[in-house]
A.B. asks: 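There's a structure below that I have some questions on.
To find a chain, count down the sequence lines: A is the first, B the second, and so on, and within it residues start at 1. Everything numeric here is computed off the predicted structure, so don't read it as measured data.
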There are 2 protein chains.
Amino acid sequence: MNDEATGGRAEPKRRAGSATSKTRTAILRGAEQIMAEHGYAAVTYRSVAAGAAVTPGLVQYYFPVLDDLFIALLRADTDRIIDHLTRATQDGRPLRAVWDYASGKAGTTLMLEFMALANHRKAIGPVMGEGGERVRQAQLAAITAASQRYEIAPAALVFLMTAIPRMIGLEEAFGTSTGHEETIALVRQYLDEVEPL
Amino acid sequence: MNDEATGGRAEPKRRAGSATSKTRTAILRGAEQIMAEHGYAAVTYRSVAAGAAVTPGLVQYYFPVLDDLFIALLRADTDRIIDHLTRATQDGRPLRAVWDYASGKAGTTLMLEFMALANHRKAIGPVMGEGGERVRQAQLAAITAASQRYEIAPAALVFLMTAIPRMIGLEEAFGTSTGHEETIALVRQYLDEVEPL
DNA sequence: GTCTATACGGCGATAGAC
DNA sequence: GTCTATCGCCGTATAGAC
């Protein structure tokens, strides 16, 4: 509700305390769990403090604005995703790996959570964009080795193999489902052609 | 931030005052403008009241819980979208009409706004799902007349023509763009084949 | 039925004490 | 470097005036 307030700030100091502080990592771990369990809206100075058994003021000391905490969480998640994709695309069927990963429910939920977060905390948007770009470049690198097999521009292919299952997941989270089965069948047919099992 | 509180309620009376009240429609109009201009987070009892020149208590009289106000706005938006699509798909190139509409920036922004809203106001989700289903059925009805032209299952086609530009819009809102151009070129090529200008 | 006034417990952010 | 007190928002509930 105070979006404008945080958006209009120049650039104050964004971090206090050492980056290696034990307290700091304990706070991050606790915040991550709260976010996974109850959503970003449940991540408050008070709840994180309670989870890490410190005072709310101390959490705020390490993360002066709540954005800073979310950004740290988002960056860590992005790194994890890229790690996973890098490993999963080395089995000879990189396109299927991309499709399968994007089809995972957990990832879609997390994406929705961060999209919603970015939507009312303007500092988060650019971090998401940069993370999305990093992920896409990693996917692109993983499929270009065999790109002549696919008959479709690699960049378009990677986008589609991510966007389609993601949007299906989003819609299903709310209860819209018309066309999902038919679309999945279409993609499966294509994958069977270009990356037979 | 008080999601749990509103979620745990049985089912109190959800509306007071007549549905045709002049005050009620004034409140809705004002709320719509605030939402379009500053996002859903700026829609508060106090801001809406100020916009409609009434007291916050009166807004709450007509919409006892803020969800009720958002649901009224979402339903009205869905009706408008269906009206628009019904008209736009009658020019002989219904698939292009679907694609063009989903490519509009305003609609994508609004969708993101409502998705974010649904993400932390659980009462909104089902209303979004139902609205999405209504829109999709209308689109489906509009293209099935000429469906033999398309070579792809109509339901999959409608989903893709909506999902692709929507996801492109979402990603661009944050700053991810790899693959967008290539994907758009791909779709344009397909549209030129099945619905030549 | 319409509408106002007020109170409560939550929140993020800030200033400043230790 | 660590932590507290306080401020001004918020949604919601309630009591009651007209």
A.B. asks: Check whether any side-chain nitrogen or oxygen of B:Y45 sits under 4.0 Å from OP1 or OP2 of D:dC10, and answer yes or no.
C.D. replies: no
A.B. asks: For residues B:T162 and B:P165, report the shortest heavy-atom separation together with the two atoms involved.
C.D. replies: O-CD, 3.3 Å
A.B. asks: Are A:T55 and D:dT4 close enough that a side-chain N or O sits under 4.0 Å from OP1 or OP2?
C.D. replies: yes
A.B. asks: Measure CZ/B:R24 against P/C:dC3 and give the value in whole Å, please.
C.D. replies: 13 Å
A.B. asks: Taking only N and O in the side chain of B:R46, is any of them less than 4.0 Å away from OP1 or OP2 of D:dC9?
C.D. replies: no
A.B. asks: Please evaluate residues A:R80 and A:D77 with respect to the criterion salt bridge (charged side-chain N to carboxylate O under 4.0 Å, His left out), reporting the C-alpha separation (whole Å), side-chain torsions for both, the decisive distance (0.1 Å), and the verdict.
C.D. replies: CA-CA 5 Å; A:R80 256 196 299 267; A:D77 271 338; 2.6 Å; yes
A.B. asks: Quick check: any donor-acceptor pair below 3.5 Å linking the side-chain of B:R121 to the base of D:dG11?
C.D. replies: no
A.B. asks: Establish, with yes or no, whether the OP1 or OP2 oxygen of C:dC3 is under 4.0 angstrom from a side-chain nitrogen or oxygen of B:T23.
C.D. replies: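 Checking B:T23 against C:dC3: at least one side-chain N or O falls below 4.0 Å of OP1 or OP2.
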A.B. asks: What does A:L66 touch in the nucleic acid at a heavy-atom separation under 4.0 angstrom: a base, only the sugar-phosphate, or nothing?
C.D. replies: sugar-phosphate
A.B. asks: OP1 or OP2 of D:dG1 less than 4.0 angstrom from a side-chain nitrogen or oxygen of A:Y62, does that happen here?
C.D. replies: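 For D:dG1, OP1/OP2 do not have a side-chain N/O of A:Y62 under 4.0 Å.
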A.B. asks: Using whole Å, what does the distance between atom P of nucleotide D:dC10 and atom NE2 of A:H120 come to?
C.D. replies: 15 Å
A.B. asks: Are B:K122 and B:D67 ion-paired here, with the side-chain N under 4.0 Å from a carboxylate O?
C.D. replies: no
A.B. asks: Taking CG from B:L58 and C1' from D:dA17, how many angstroms apart are they, rounded to a whole number?
C.D. replies: 14 Å
A.B. asks: In whole Å, what is the span from the CD1 atom of B:I27 to the C1' atom of C:dT2?
C.D. replies: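 After rounding, the reported distance stands at 11 Å.
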A.B. asks: With a 4.0 Å limit, can you tell me whether A:Y61 has a side-chain N or O closer than that to the phosphate oxygens OP1/OP2 of D:dT2?
C.D. replies: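 So the side chain of A:Y61 is within the cut-off, an N or O lying under 4.0 Å from OP1 or OP2 of D:dT2.
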A.B. asks: Describe, in one word, how the ring planes of A:Y40 and A:H120 are oriented to each other, choosing from parallel (under 30°), tilted (30 to 60°) and perpendicular (over 60°).
C.D. replies: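 Answer is perpendicular, since the angle exceeds 60°.
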A.B. asks: Starting at CD of B:Q60 and ending at P of C:dA5, how long is that distance when rounded to a whole Å?
C.D. replies: 14 Å
